[in-house]
Amino acid sequence: MDLRRHEHLYYVMDAPEISDAQYDALMNELKKLEAEHPDWGTPDSPTQRVGGKPAAGFKKVQHSRSMLSLDNAYSEEELADWDRRVHELAGNLPVEYTTELKLDGLSVALTYGSSGNGGSSTLRTGVTRGDGQVGEDVTTNVRTIRSVPISIPAHAIERARLPQGQGFEVRGEVVMPEKAFLRTNADREREGLPAFVNPRNSAAGTVRTLDPGIVATRGLVFFAYFLLIEGEYFAAGQDATLEALTTLGFRVNPHRGRVHTVKEMMKFIEKAGEDRETLGYEIDGVVLKVDAHATQQRLGYTGRAPRWAIAYKFTAEQAMTQMEDIMITVGRSGKLTPTAMLKPVFVGGVTISRATLHNADWIERMGLRIGDWVKVERGGDVIPKVAGIVEDTEHPRGKRGFAFPSKCPECKSPVVREAGEADYRCVNVDCPALIRGTLEHWGSRGVMNIEGLGEASIAALTEGGAVKSVADLYKLNEETLASLKQAVEREGVKKEQRVFGPLEIKKLLDQIRKSKDAGLARVLMGLSIRFVGERTAELLAQEFGSMDAIVDASAEELERVEEVGPRIARSILDFFAREANRELVAHLKSAGIKMTAEKKQRSTQLAGLTFVLTGTLPNLTRDEAKAKIEAAGGKISGSVSKKTSYVVAGEEAGSKLDKAKELKVPVLDEAGLLKLLETSTAP
Ligand code: IVH
């Protein structure tokens, strides 16, 4: 044990101190130079990036296997539903669960490669989750985290029964203990930097800091929970994975268990809820994972999460505080959002000073007044909200009434509220808040993906009038960007400074150019048409194939698209009825933005047929079978009736199969279904 402890200390403590110090020294020198020559500094200077969003500071890395998310459960019932589904899909395979804490940090993937040194392995890369497919290379930062082994000795690899000489990957959560969080914020306050809102943000901000010297002092901890070999989960199962990780020298969270039933899950969850107060780091629930690898494989994945794991999330915590004011902000849709400005209060592990206030009706119904004592609620990572007013002798009601503004706080034009709607909106298309919001949305990940088009750049671009609409982005050139100036104050001296440095200009223009090929669905999404989100935009693009066809479509034609009802159709028609929006589209088109998509060929061989799935099929999961049927134009129903065309039954099919026999509905097995799909004839 002693020996192991020493090995552990040796390898885990091996932080790259020399290079950190060198980095620090360089950084300090640059800071000094910039202080002496304020006009030299540009926003792309490394000194500007510390603690902020790294614009393009990290290399992007593709994950060996996607880093998925988890589905959530909030009650015993939801867990029982999940457990039932797991058993249903697992068929005759074993179902046992491992229980772990849901650590509230950020997930990171570490890869290790053979060092050619007597069979030991060394840390190669540390990558953030990113969008699940591609993350950021934060290796230099991760190396400074003490609980991340830099090197793993051959005998540990052997004892953990890992294949010798082969690389492997460890995934887990980087968390910031509460004490380290408080210390970090105290330091930041001293340096005049804004505080982090909670330990998770602090951990994420730290890992993405461009100064490994800072990361090393922040006291981050890495807890490992997954081991992958060649992109496949360790085949011995989840419990054995945690054992192997411990043997390899990783820190594995000690609060874990193995359970069989929902009752046992709830017992673990209750205990975790009690331990939560004294752990010293934040958790936001419990993660339950099917233990056996074979069962995991049988259960498979939905788009975003494994079916073999679920997160039980703790419910909201409440606190009481005084509301000092109500602030109104205007979003990209013109919606006026009221926010309560609160006396800071500690709730659910964080200090909050703002909370959402729903809408104008709610405020009126509650008769909310400035100065009221309110109950605030925070559940998981949801934005805190005001849940009600407190009124007793110690907490008298506020004095100042509040009336929802009749003018936009940003552009002062009158706000409107349509019949049946809860929100007031600013409908002035030239409102600066709308323009900023639309630009931010246009540039965001998942839309046109223009890195570098963040809040600050947008403010700079719109303030001087260089950009008035998304189409103007495509008219920007080096000269315009280089001429943008902003006022800065350094050591009491006010100066004009360039907003974009030469490197940033190049990157931004490059990203804008690239965005032209994002495709029709992204452009549609980017236009900020009400109710047109990712999925609707995708379906519209597939159905119509071009922007022109959508602009000219009638309500009936629009409503033919799956999931488009009268409300969405109306919104699209209204949008394109506006001359300004048609012009915008024309400008985007002449800027060379791709406005076409491949039209989906509709399969119709199963059109008009309704299927019911029951039991476990030998190869296809239920979702796969469903997708195949739907892709061929068939419908899926949950219960058997006379209208059912076919029941597709697998192993352990239950009452639905009996019902099918009773109603004389034809029954297919998996092979029968595949034959029907292929040849349009049932066997
Ligand atoms: S398993 C596909 N185990 O929770 C598997 N995740 O809501 C998902 N998390 O992105 C990860 N503690 O960052 C797993 N013991 C734990 C976890 C955990 C915290 C985080 C992780 C993940 C998120 C999903």
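Counting starts at 1 for both ligands and their atoms, following the listed order. These numbers were taken from a predicted model, which means no experiment stands behind them.
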* Asked: Between Arg256 and Asp239, is a salt bridge (charged side-chain N to carboxylate O under 4.0 Å, His left out) present by the stated rule, with each step listed?
  -> CA-CA 9 Å; Arg256 60 184 167 112; Asp239 205 45; 3.5 Å; yes
* With no hydrogens and no angle check, do the side chains of Asp211 and Thr209 hold a donor and an acceptor under 3.5 Å apart? ->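 Note: Asp211 and Thr209 side chains miss the donor-acceptor criterion.
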* Asked: With no hydrogens and no angle check, do the side chains of Arg218 and Thr206 hold a donor and an acceptor under 3.5 Å apart?
  ->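 There is such a pair between these side chains.
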* To do: Would you indicate whether the side-chain heavy atoms of Glu100 and Lys289 approach each other to under 4.5 Å?
  =>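 Yes, at least one pair of side-chain atoms sits under 4.5 Å.
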* **Non-hydrogen atom of Pro306 closer than 4.0 Å to ligand 1** =>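 Heavy atoms of Pro306 do come under 4.0 Å of ligand 1.
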* To do: For Phe226 and ligand 1, answer yes if some heavy atom of the residue is under 4.0 Å from a ligand atom, otherwise no.
  =>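 Per 4.0 Å heavy-atom rule, Phe226 contacts ligand 1.
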[X], portion touching ligand 1 at heavy-atom distance under 4.0 Å:
X	value
Ala311	neither
Val287	side chain
Leu101	backbone

* Given Tyr97, which of Tyr312, Trp308, Trp82 fulfils the ring-ring contact (aromatic ring centres under 6.0 Å, His included) condition? ->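 When Tyr312, Trp308, Trp82 are each tested with Tyr97, the ring-ring contact (aromatic ring centres under 6.0 Å, His included) holds only for Trp82.
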* Name the one of Tyr225, Tyr112, Phe226, Phe223 that satisfies ring-ring contact (aromatic ring centres under 6.0 Å, His included) with Phe250? ->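 When Tyr225, Tyr112, Phe226, Phe223 are each tested with Phe250, the ring-ring contact (aromatic ring centres under 6.0 Å, His included) holds only for Tyr112.
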* Rounded distance [0.5 Å steps], NZ in Lys313 versus CD1 in Ile269 ->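 Answer rounded to 0.5 Å: 13.0 Å.
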* Asked: So is there a nitrogen or oxygen of Lys102 less than 3.5 Å from a nitrogen or oxygen in ligand 1?
  ->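 Right, the criterion is met.
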* Any N/O pair Leu106/ligand 1 closer than 3.5 Å ->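 No, since none of the N or O atoms of Leu106 sits under 3.5 Å from an N or O of ligand 1.
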* Could you walk me through whether Arg65 and Glu169 pass salt bridge (charged side-chain N to carboxylate O under 4.0 Å, His left out), step by step? => CA-CA 10 Å; Arg65 176 190 191 102; Glu169 183 176 335; over 6 Å; no
* Should you measure from each heavy atom of Ser107, which atoms of ligand 1 turn up under 4.0 Å away? ->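 Once the distances to Ser107 are compared, the set is 10 (O), 13 (O).
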* **Nearest neighbour of atom 20 (C) of ligand 1 from the list His255, Glu100, Arg65, Glu173, on a heavy-atom basis** =>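 Answer by nearest heavy atom: Glu173.
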When you measure from [atom] to every protein heavy atom, which one gives the shortest distance, and what is it?
atom	result
atom 17 (C) of ligand 1	Tyr225 CE2, 3.4 Å
atom 3 (N) of ligand 1	Lys289 NZ, 3.0 Å
atom 12 (N) of ligand 1	Leu103 N, 3.0 Å

